[in-house]
Each structure stands twice: as structure tokens, then as C-alpha cells.
Amino acid sequence: MMRSKLLEVEHVTMRFGGLFAVNDLSFSAANRSITAIIGPNGAGKTTLFNCITGFYKPQIGRLTLHHDDGPVLLERLDDYDIAKKARVGRTFQNIRLFARMSVLENLIVAQHNTLMRASALSLAGLLGLARYGKAEKLAVDKARYWLNKVDLLDHADADAGSLPYGSQRRLEIARAMCTDPLLLCLDEPAAGLNPRESLELNTLLTGIRDEHGIGLLLIEHDMSVVMGISDWVVVLDYGRKIAEGTPVEIRNDPAVIRAYLGEADDEDEDR
Amino acid sequence: MEYFIQQLINGLTLGAIYGLIAIGYTMVYGIIRMINFAHGEIYMLGAFISLIAFLVATTLGGASVAFGLLIALVSTMILTALWGWAVERLAYRPLRNAPKLAPLISAIGMSIVLQNFSQLSQGARVKPLPPLFKGGIELMHGNGFSVNLSYLQMVIMALTVVLMAVFTWVITRTSLGRAQRATEQDMKMAALLGVNTDRIISATFIMGATLAAVAGLMVTLYYGVIDFYIGFLAGIKAFTAAVLGGIGSLPGAMLGGLLIGLIEAFWSGYFSIEYKDVAVFAILVLVLLFRPTGLLGRPEVEKI
Amino acid sequence: MAGVNMTAALRDGVIGAVVAAALALPMLGFRLVDSSQALTLSTRFDWVAWAALAVGLGRFALALLRDTLPGRLPALPDWGARFPKMRLYVGWGMAGFAFVLPFLPIADRALVDKATMVLIYVMLGWGLNIVVGLAGLLDLGFVAFYAVGAYSYALLATKLDLSFWVSLPLAGVFAAGFGIMLGFPVLRLRGDYLAIVTLGFGEIIRVILQNWQDFTNGPAGIGAIPRPSLFGLVFTANAPEGKTTFADYFGLDFSGNHRVIFLYFIILVLALLTNLFTLRIRRLPIGRAWEALREDEIACRSLGLNPTTIKLSAFATGAMFAGFAGSFFATRQGFISPESFTFIESAVILAIVVLGGMGSQIGVVLAALLLVGLPEWFRELQQYRMLAFGGAMVLIMLWKPSGLLAHRSPTIRLNQEAG
């Protein structure tokens, strides 16, 4: 399996007032692999995500996404262009679905840019041209594929807001995948899931990595997920990187244990 | 130069009145995130009640103008506050957890009701009151133009300063103010910690209405004419002032009010009186483009 | 138990009466009388007593009822959810009825006139529904675009001699242009800031119309606006040079009703086109993007949707329909002045959208009938009309905070058999 550098984070610094949420942070994430970002609450993980996906602009530093046809500098793009042109998808810590739209509609909206192109800014659709009908059918097929993947096919026509919590998390991942990302950023995808759902999540994420060949960036507190599926782990504390390595290395790193894993010992024990 | 100073004085007087109304908007918005559209009408009611109270007081209590005004001020504050409270209780409180636009529509409806109620009960014609405070002091004189500061303008500015001081004290130093600020930050948490949020919201409406009542009295005295329609434009201007200053901020509301008063005075003084409202809104748009949260509003970091 | 409730209800009633008395005392108890010498007061304390009595009794009755009845007010069943097909039938039924209405025996000129008025508001409501109901942008100055459309037609027709059918699309384009012009700088603002800026914009347009004498003729307005023709056939008693009248062409006796009915059909068709457009665009990418934006702007951005252009398109589309409605209004009235475009119009249109149930097309029709149609029948009670109108807005909101018809069904389904 070929693994090349996908995302490169160099000296990124994000400050709110006098507080350094992310401080001179550098690391890289590879293609076709799962990179986990862990660290105690307030370590700057979500802020880092917001910098990568363009919701915040870092004061210092560079964020590069390596496409096949050359590098894309993320910090120069607007947030919607990061999704559209740089092809970075994301989910949110507090789930952000279109609650009063159906599950299927959520996935169709995610394919907005493709459909807009196919429908000539909706004009072709307004006139009922066949070309739009075909594009919509393809979009529905893709949505069906992902609904099947996340086991929501039976609920396709329900309001997204009416789904149980775990299903909403999975739907959000499916929605992000419908944008055809090269890098998928997941903000605590296992939060609030029961052990069985958490296991299913592992299968889903490794499936995305292996079958679709994209990179995944993962913020997670659930150590069974982190240790179970990540290929590389980056540990943050107070906005700085204190360690990085394979899960096994991280588990045995004294600095990490001191800063973070100290409280999570018992979770490691049962493996 | 003389003309400039005269317009400055006129603008500050007008601005003080707008500022007092704007505080009502900003406090209510801060606490329940709602544009209280009927607030302009509360101010209009304040103007009517003050006029009525003044006439009652002078009829009953003899000819002393000062005594009549004091009675009018106190009774207007109380009765208008009661109106403010009643409007919240009837039209807004049942909609506390409703979709966001429901209270706004209810408020617009209430505004129409109050306007027409006043028109029906007091007649549509403009109500004139002969000037009570005559005279003033001449500040300077030159180029055949004298700059006057009337006693009434002094009273308006002094009263505004006193009210602002009292309100700042209430908000920052009393337990009511503390509860109010807590509710503004996080209503659910405040309620969990034992703050009776319904009562705090009522108090907010009462405070806003009290200030609007004073503004109503001032306008009655300053312009000498009132009608049932004055609430609409004053309400819009005051809300604009609140947004300009940064909605949710008390000093911002006062600053916004003063700015709008000044813009109006100078625009009518130097350019054209017809387009003064256009100037006000144009400046609002300009300010919002560069400072989306207003002049003194806290710039907010988007929570994602 | 009944006794306890009774005392509580009595207490409620007495408190209500006292509060009502205090509220009524200044405003009802005294009346300002403007005699030639000075401003004086007359009293009518009996009114205060009546008000206190009415409120006290009402409060008492409510308190009693609350204990005996399960709910405070009867809840409307959610028809839309229960019968998915129902709305389709109701929609077609309403449209069919609207088409035959002018030919029914009950239809006299006054009725058709009123129906035309209602349809103008239905069309405006449908236009604003795109902005507020679908895209979730709070626009308090919608009347500005209505005014732009009306003045566009009035000026194009009186100054450049353009016909209604040529001016109509132009008016829509102008209104949409204004929408973009206003929208571009302000659509980045958060919801409530947008509200005040649009409100201000509405006022600015009105102030300009009022004061730009040379162009708009100021408060006096523009009169003698030409009427539309039907493929060149005019609706007058005698044909002007080179024209044929509608009555002559079809061998009918001339009647003023022909024009009234013709105008009715124009607005009916315009309104139905607005509706068709909305129904269609809701199923297209841009329409879904509007709704997604209403639901969660941040999620939209994370999916590559550019919020500014999406908002702008909703704003401009809504404005365009307001422009169409405006030029119809101008040609129907034959006379327009700034007075027709005050804030209260914006408020009425917004109320129609919200009361109808945001995003619901049939809801808009119901609300327009309720808010515009019903009061037209009570013209005689002129002075109490607006009071009742405002009161109705408050009461309907208290009764159904999410609108009369709040049900939404998906624009695309995977499992077709579900309905």
C-alpha cells in the first residue's frame, strides 16, 4: 500500500486574545491512513480542525494538502472552497445535520456543487431537461451507497433530526463522504456511542480508509477507537505537540502517560 | 462655528432621547434575543400618559409647573412600566420556546394594536402642548447668530445622565443586575442556579419601559406635539441606535443614540432635512460592514 | 377541590381586573380634548370600569376553564402529516375554484376586486416565502422591491410608452437588481442585523420615492398608468386609433367588468407561476441549498456551499417576484404613490408567511385570506379593522406558534411507496 504525505501542518499558531489555542504545531498526516489527534480537554484539537477546514485562519503557519496535481495551500482558501476545491470533508463535535430535512436530502445537499454544474445553476432543472435528471439519479445512487454503508437505508426518508444520536453521527460521516473528500476530518465521532456502535464505527472508518484510499484525521477521546484503528497518533497538550508515533509507541511514552493517559489506564488494561 | 455648536447641542438632546429608548431594545435583545417591536409604541404610550398625567396634576394641584412635572414623571414611569410588563406577559411569555419568528410577529401585532388603540382612545389629531420651559442661556454670539442652550435641553441632558448612572448602578451593583447578567449569559444555567428567569425578564421589560416613558415625557416637552404615530419612527431609530452601538451593550445603546441624534442634526443642518433618515441608515450599513457587531459590541468568535 | 380552584380563579380574576384598570386609567379614563384655547381633559371613567370588568371576567373564566378542560386551546390536527396526498388535492381544488370564481353567480365586481387584492398578497407571500421560509433570511423590507416593481412599470409606461407585457419582466429584473445591490454588502450579517438593515432599506426607498420630485413626482404619486391589453385588445368602451376593444372583437356588449376579470386572471396566473416556480425549485439543487442554509449555515460551508451566493440568489429571486407583483399593482390601481409602500405592508406580508407556516405554500393562501381577505369584508368597521388585525396576529401566534400548516415533506424520496 502506497502511503504518501497528504496533509502537512507547519508551525501553525492560533491565538484567541492572549490564549494560545494552538502553538507552533507541526505534523503531517499520510494518505490511506488514519491519524488520530488526542489530548486532554482544551488541548486545541478542535481549534486545529477549524484551522484545517478554514473556519479559523491561523495567525502564523502553513497548511498544505497534497493533491496528485500539486499542493493546495489551505490557509489561503475560504472555508467553503476548502470543501469544494481542496476536498477536505469534516464532521462536527456537536452534530450539525439539516435537522428538518430528510436523511436523503442531507446527502443530496452534500453533492450540491456537482449537481449545480450538471443543472447549469438549476436552470436546466427548472426547464426539466434530461441532463439534470440523469445527474440527480447518480447523486441518489451515491447517497444510497453511503446509506447502505452506515446502515440507514430504511430511514432515508425520515427527518434527520428525528434519528437517534448514534445514527445522526453516522449520517454526518456519510454526508461528508458524499462530497468525495481526499481528507476526512472527524471531530469525536465516537462521543456518546455505546460499545457496540463504537465497534461498528471502527469497521466503517477502516473501510473508508482501505476501500476509498483517503486520509482520515480523527479527534477522539475513546481510547478503544484510537488504539484500535489509528495508524499514527499525535498528542497535543496546551496547544503544543508533546508526542507522535504509532499507537504502541504512544501508549508507552512517559510524557503522554503523564499528561494524558494516566487517567485512562484501566481502559488499556483489558486489551 | 456658531451654527455647528448649535447643531451639536440639538443633536445631543435628540440623541439622549433616542439613547433612552435604545436601552430598552438592547436589554430585551440581550436577554431573550428578540426584537421587541412594540417598544416604540411603549414610548408613544409614555408620551401620551405623561401629557395626561401632567394635565391631571396641574388641574388638581394648582398651577405649579414644577410640581406638575414631578407628578407626571413619577406616574408616567409607573404606568408605562405596567404597560411594558403587560405586553411581555400577554404576547411574548407564552412564546418563550416557540420558533424564533413567532415572538417577532407577535410583537409586530402588538405594535399595531397599541398604535390603533391610542388612535381610537385619544383621537388621530396631533396633540399640541404650549411650551412650559421658556428661555435658556445664550452661550455665545457671533456672525449674527447666537448659540442657545435652553433650560429644557439642560434638563433633558441632566436627567439622561442621572438615569444612566442609576441604571449602571442597578446592572453592576445590585443582585437584580447580577441575576440579569447571568440570565443574559445563559438562561438555562441561571434558572438551574435558582434565578427566577421569568421574573428577571419581566424586570427587564419594566426597566426598558420606564426609560422609554421618560423619553416620552421629554419628547412631549421638547417638541410640544405628539400623536399616535410617533412610536414607529422613533422605535426604528432607537433600534438602529442599539445595533449601531452593539446590541446587548448598555453604553453602546447610549452611544448609538447620541450618534444618531448628531447625524440627524448635522445632516438636516448642512444638507437636506428630507434625506436625514437615509443618512442614518447608510451610516448603520457602513458601520456594520466594518464592525459586524456594532461599535461597542463584543466581537464574537463563531463557536463550531 | 372545586372550592380551591374557585378561589384561585377568583384571585386571578381580581388581579386581572386591577391590572386592567391601572392600564386603562390613563389611556381610556381620560381623553385629551384639543379646544381652541388650550389642551384640556375630559373623563370617562365608566370605560375604565368596563375594561376592568371585561378583563376580570375573562381572566376568571380562563382560570376556571384551564382546570376543567385538558388543553387551553383546541389543537389543530396535523392534516398535512396525516394525509400526504391531501395537500395536493386541496391545492388543485383551490386553483380550480380560483379559475371559475369570476363566473360564479356570487361573484360581483366587488368580490372579484377583493379576490384580486388577496391574490396580490398571496403572490407577495409566496415571493417572500422563498426568502424567509426557505432560505431563512429575515427580510423586514420586502415592500421595497414591491415598490421598485410598481414604479418601474409606472415610469416605463408613462415616460417611455412601454406596454405592460414588455415592462413586466423588466420590472422583475430591476427589483432583482435592487435585491442584489442591497444583498451583496449585507447578507454576511447575522439574522437580526439583516432584519434591521432590510427594514432600513425599505424606509430609504420610500423616502427617496417621496422626495425625488423630478423622477417620481414625490408624494403626489404617478397617475394615469396605462392598463394592460390582451394581445392588443384594449378594455375600454371606445377603441383608440388603430386598436380594437375586447368587447368588439368578441362581439360582446362593453362592460367595465371585463377589465376587472381580466386583471383578476393576470394576477391569478402570475401568482400560480410563482407557486409553480417555488414547487419546482425546491426540488433543485439551489432550492435544497436554500433550505440547508436555513437549517445550518456552518454545515453548509463544510460541504462546499458558498453561503453568500446562495443567500443572494434567494434574495434576488424573492425580490423579482415582488417586482412582478408591484408592476401588476401599478397597472391595476392606475395610480401609485409612496403611501402604498409603508412598513406595515412588509409586516403584513411577513405575517402571512409566518402565520401560514414557514415554507408552506397553502399556508400562505390561508393566511392571506385570513389577514387580507377577511378585513376587506369589514371595511365598514374601518377604525377597528387595524386593531383587530394586530390582535389577530398576536392571537394566531399564541395559538399556533409555528404557523397554521407547519408540516414539511421531503423533496425527494428513496422509498417511493411511502407516499
Side-chain angles (χ1 to χ4, degrees), chain A residues 53-55 78-85 87-92 95-106 108-119 121-126 128 132 135-136 139-140 143-144 147 153-154 156-161 172 175-176 178-179 185, chain C residues 81 84 130 133-136 188 273 276-314 316-317 357-360 402-403 406-419:
Chain A
T53 50
F55 286 91
D78 280 324
D79 41 25
Y80 51 87
D81 271 341
I82 287 184
K84 187 176 165 181
K85 296 187 181 143
R87 295 172 63 192
V88 177
R90 74 168 292 176
T91 65
F92 297 89
I95 305 172
R96 287 182 175 273
L97 291 169
F98 306 126
R100 279 184 300 167
M101 297 175 81
S102 78
V103 169
L104 178 63
E105 283 173 316
N106 268 267
I108 300 287
V109 169
Q111 303 174 56
H112 177 76
N113 290 315
T114 320
L115 286 169
M116 280 296 266
R117 232 172 291 126
S119 67
L121 303 174
S122 294
L123 290 178
L126 207 54
Y132 173 68
E136 194 182 70
V140 171
R144 185 181 288 125
L147 284 176
L153 214 43
D154 295 340
D157 299 325
D159 275 1
E172 213 189 9
R175 189 180 65 179
C178 277
T179 63
C185 303
Chain C
I130 294 175
L134 294 185
R188 265 170 302 171
L273 281 177
L276 273 181
F277 176 89
T278 308
L279 291 181
R280 181 109 203 118
I281 205 147
R282 277 194 59 201
R283 299 168 179 279
L284 291 172
I286 188 70
R288 294 202 185 102
W290 289 339
E291 290 200 76
L293 203 65
R294 174 195 69 201
E295 295 295 303
D296 195 324
E297 179 173 335
I298 287 174
C300 279
R301 277 148 58 183
S302 83
L303 298 172
L305 279 66
N306 180 345
T308 312
T309 52
I310 294 170
K311 284 182 189 173
L312 213 50
S313 63
T317 310
M358 301 242 295
S360 164
S402 41
H407 179 75
R408 175 189 185 278
S409 54
T411 59
I412 185 169
R413 286 177 183 278
L414 203 57
N415 308 317
Q416 289 299 337
E417 64 278 14

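Residue numbering restarts at 1 for every chain, and letters A, B, ... go by the order of the sequence lines.
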Query raised in the report: Rounded to the nearest 0.5 Å, how far does CG of C/N306 lie from CG of A/N113?
Result: 9.0 Å

Query raised in the report: Is it the backbone or the side chain of A/E136 that comes under 4.5 Å from a heavy atom of chain C, or both, or neither?
Result: side chain

Query raised in the report: chain C heavy atoms under 4.5 Å from A/D154: which part of the residue, side chain, backbone, both or neither?
Result: backbone

Report summary line: When the 4.5 angstrom heavy-atom criterion is applied to A/D81 and chain C, the contacting part is neither

Report summary line: Note: vs chain C, highest number of non-hydrogen pairs under 4.5 angstrom among A/R100, A/K84, A/R87, A/R90 is A/R100

Query raised in the report: Would you call C/R288-C/E291 a salt bridge at under 4.0 Å N-O?
Result: no

Query raised in the report: Just checking, A/R175 and A/F98: is the charged tip under 6.0 Å from the six-membered ring centre and within 45° of the axis?
Result: yes

Query - Among A/S102, A/A176, A/A139, residue most engaged with chain C (heavy-atom pairs, under 4.5 Å) - result: A/S102

Query raised in the report: Should the pair C/R282-A/E105 be classified as a salt bridge under the 4.0 Å nitrogen-to-oxygen rule?
Result: no

Query raised in the report: What closest approach, in Å, do C/L414 and A/A156 show between heavy atoms, and which atom pair accounts for it?
Result: CD2-CB, 3.5 Å

Report task. Name the option with the most non-hydrogen atom pairs under 4.5 Å to chain C; the candidates are A/L97, A/L104, A/T179. Result -> A/L104

**Report entry** Test item: C/T278 and C/L134 side chains (from C-beta on) under 4.5 Å apart, heavy atoms
**Finding:** yes

Query raised in the report: Between C/R283 and chain A, which part of the residue has a heavy atom less than 4.5 Å away: side chain, backbone, both or neither?
Result: backbone

